[in-house]
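Below is one structure, written out as structure tokens; the observations come after it.
Quick caveat: nothing in here was measured; it's all calculated off a predicted structure. Here is how names work: the chains are called A, B, and so on, in the same order as the sequence lines, proteins then strands, and each is numbered from 1.
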Protein chains: 2
Amino acid sequence: MTIEERRQREKEQRRTAIVDAAERVFFAKGFDQATVDEIADCAELSKGTLYLYFDGKDDLYRAIIFRALKLLTTAFEKAIARHETGIEKVWAIGTEYVNFYREHPDYFDALIHYHGQKTETFYEHDPLKVLIDVVQEGIADGTIRSGLDPLKTAIILWGQTTGLLQIAFTMCEAIRDAYRVDPEEIISYYFDLTYHNLKAG
Amino acid sequence: MTIEERRQREKEQRRTAIVDAAERVFFAKGFDQATVDEIADCAELSKGTLYLYFDGKDDLYRAIIFRALKLLTTAFEKAIARHETGIEKVWAIGTEYVNFYREHPDYFDALIHYHGQKTETFYEHDPLKVLIDVVQEGIADGTIRSGLDPLKTAIILWGQTTGLLQIAFTMCEAIRDAYRVDPEEIISYYFDLTYHNLKAG
DNA sequence: TTCATTTAATGACTATTGGTCATTAAATAT
DNA sequence: ATATTTAATGACCAATAGTCATTAAATGAA
């Protein structure tokens with residue numbers, strides 16, 4: 001049984017090494033310009049081997065998305081653990097989302113640019129789930145306006161924040177040039193607006 | 001001079017016919033699965049001719065994005081013309097955005113999935129410009145909270161609304177399945193929340 | 001140790017396709 | 001009628017995603 005276990009472990013390591021290589025190539029060149037051959041070279045494996053571990057180029061990218069979601073979800077969980085009230089936790093998630101872009105811009109862009117099949121979802125690590133719990137907590141502890149529907153509110157917060165960060169970060173220079181506004185300022189303005197719209201009292 | 005004019009006109013028509021064909025193929029198959037050869041067949045032209053009118057596959061897609069932006073901007077302009085106050089016009093733009101998805105889901109998806117070069121912008125038809133003007137108008141006529149920064153507010157509205165519609169529409173079934181909420185309800189809930197956050201008094 | 005069997009890895013090969021360009025056809029001017 | 005300019009063609013090339021028959025390595029049995 002030890003042999004079988006070791007084999008499984010080695011398979012997992014090889015898989016991880018392939019995703020590492022895919023990340024380097026995809027992040028350096030973008031999805032279209034990256035080639036499977038280059039990823040194979042980078043992993044010091046033949047192309048055929050890559051196809052033993054993954055279904056193809058798309059599947060390699062999906063593995064990166066999975067990593068990104070896991071990292072983001074974990075970051076959210078750590079961030080909320082540092083706070084007491086529901087609304088503080090919601091704020092912490094927002095801050096952490098911005099922070100995630102700063103520390104992992106490639107993962108952020110990958111998430112933004114990824115459009116999987118309509119039916120496809122990554123339930124295992126879902127940042128939205130964390131947010132839903134926290135909004136519910138805030139309504140329960142009275143720090144978020146009662147009367148708000150927690151589920152709808154959380155989904156709205158998630159969608160709108162993602163949308164704003166997307167245009168703020170991907171069109172950063174364009175916004176500065178065209179409208180003479182600092183995207184950073186827009187984001188903190190948004191946080192204030194939203195905070196006051198959520199908080200109780 | 002008449003001959004030259006006619007030639008120009010015919011060039012324009014051919015260009016339009018090519019974009020029509022590109023639209024049919026891209027919308028039926030998606031960007032990756034669509035082939036330039038098929039678009040050429042669909043336009044009843046040789047592939048070489050397509051490359052006389054466009055720089056390549058990306059450029060064909062960009063032409064569709066241009067159309068989509070033009071259509072959306074025009075729809076916004078028509079929508080605001082039917083209302084008097086600033087806040088009503090903001091609401092009208094929101095409604096029109098949803099309506100745009102219903103009437104032209106393919107254009108909506110194309111806009112959502114399109115990620116051009118960082119520097120690239122389509123100034124000619126910019127829906128955000130319309131929104132900025134209208135927010136300014138609402139602050140001037142007192143129907144939108146004074147004290148709001150019109151430019152930042154408009155950019156925030158644009159980004160967050162786009163983000164919410166994106167997840168609401170592209171993850172429609174997933175949201176319904178996972179959370180048992182109707183995306184339509186979420187959107188109208190969002191509109192109400194945002195309206196009350198904007199309106200004066 | 002030796003040989004058979006299972007498992008893992010390879011890279012030459014194929015099919016597809018984005019893009020090019022020398023050639024042909026058509027329109028226009030002389 | 002002929003020359004010249006403009007438009008269109010499709011055979012061709014290069015790049016590359018994905019396959020598969022072959023080889024190599026690891027494991028187990030004798």
Between D:dT27, D:dG18, D:dT6, which one does the side chain of B:R7 approach most closely?
D:dT6
Mind calculating the distance between CG (A:L50) and P (C:dA8) to the nearest angstrom?
16 Å
Base, sugar-phosphate, or nothing: which does A:T49 touch, judged by heavy atoms less than 4.0 Å apart?
base
Need one value for B:G48: base, sugar-phosphate or nothing, where a base atom within 4.0 Å counts as base even if backbone is also close, heavy atoms only.
base
Between B:K57 and B:F31, is NZ or CZ placed under 6.0 angstrom from the six-membered ring centre and within 45° of the ring axis?
yes
Apply the side-chain hydrogen bond (donor to acceptor under 3.5 Å, both in side chains) test between A:K89 and each candidate in A:H83, A:E137, A:E84; give the one that qualifies.
A:E137
Gap between atoms OH and P, on A:Y61 and D:dA17 respectively (whole Å)
15 Å
Rounded distance in Å - CD (A:E12) to C1' (C:dA8)
16 Å
Select base, sugar-phosphate, or nothing to describe what B:F54 touches, counting heavy atoms under 4.0 Å on all strands.
nothing
To the nearest angstrom, how far is B:Y51 atom OH from C:dA22 atom C1'?
18 Å
So, is B:K47 close to the D:dC12 phosphate, meaning a side-chain N or O under 4.0 Å from OP1 or OP2?
no
Report which part of the nucleic acid B:A34 touches: base, sugar-phosphate, or nothing (heavy-atom distance under 4.0 Å, all strands).
sugar-phosphate
Can you check the A:D37 CG to D:dA15 C1' distance for me, whole Å?
10 Å
Can a donor-acceptor pair under 3.5 Å be found between the side-chain atoms of A:K57 and the base atoms of D:dG18?
no
Quick note, B:L52 side chain, CB onward, closest among D:dA8, C:dA8, C:dA9 is D:dA8
Pairwise distance CD(B:Q166) to CD1(A:I112) - rounded to 0.5 angstrom
7.5 Å
Which of C:dT10, C:dG18, D:dA8 is nearest the side chain of B:S46? It is D:dA8
Nearest to the side chain of B:K11 - D:dA7, C:dG18, D:dT19?
D:dA7
Would one find a side-chain N or O of B:Y53 under 4.0 angstrom from OP1 or OP2 of D:dA7?
no
Distance, rounded to the nearest Å, where A:I18 contributes CD1 and C:dT10 contributes P:
10 Å
Donor on one side chain, acceptor on other, A:T35 and A:D37, under 3.5 Å:
no
Whole-Å distance, B:D55 CG to C:dG19 P, equals 9 Å
When rounded to the nearest 0.5 Å, the distance separating CG of B:L60 from CD of B:E23 is 11.0 Å
Closest to the B:R14 side chain, choosing from C:dG19, D:dA8, D:dT19:
D:dA8
Nucleotide C:dG11, atom P - distance to CG of A:L45 in whole Å
10 Å
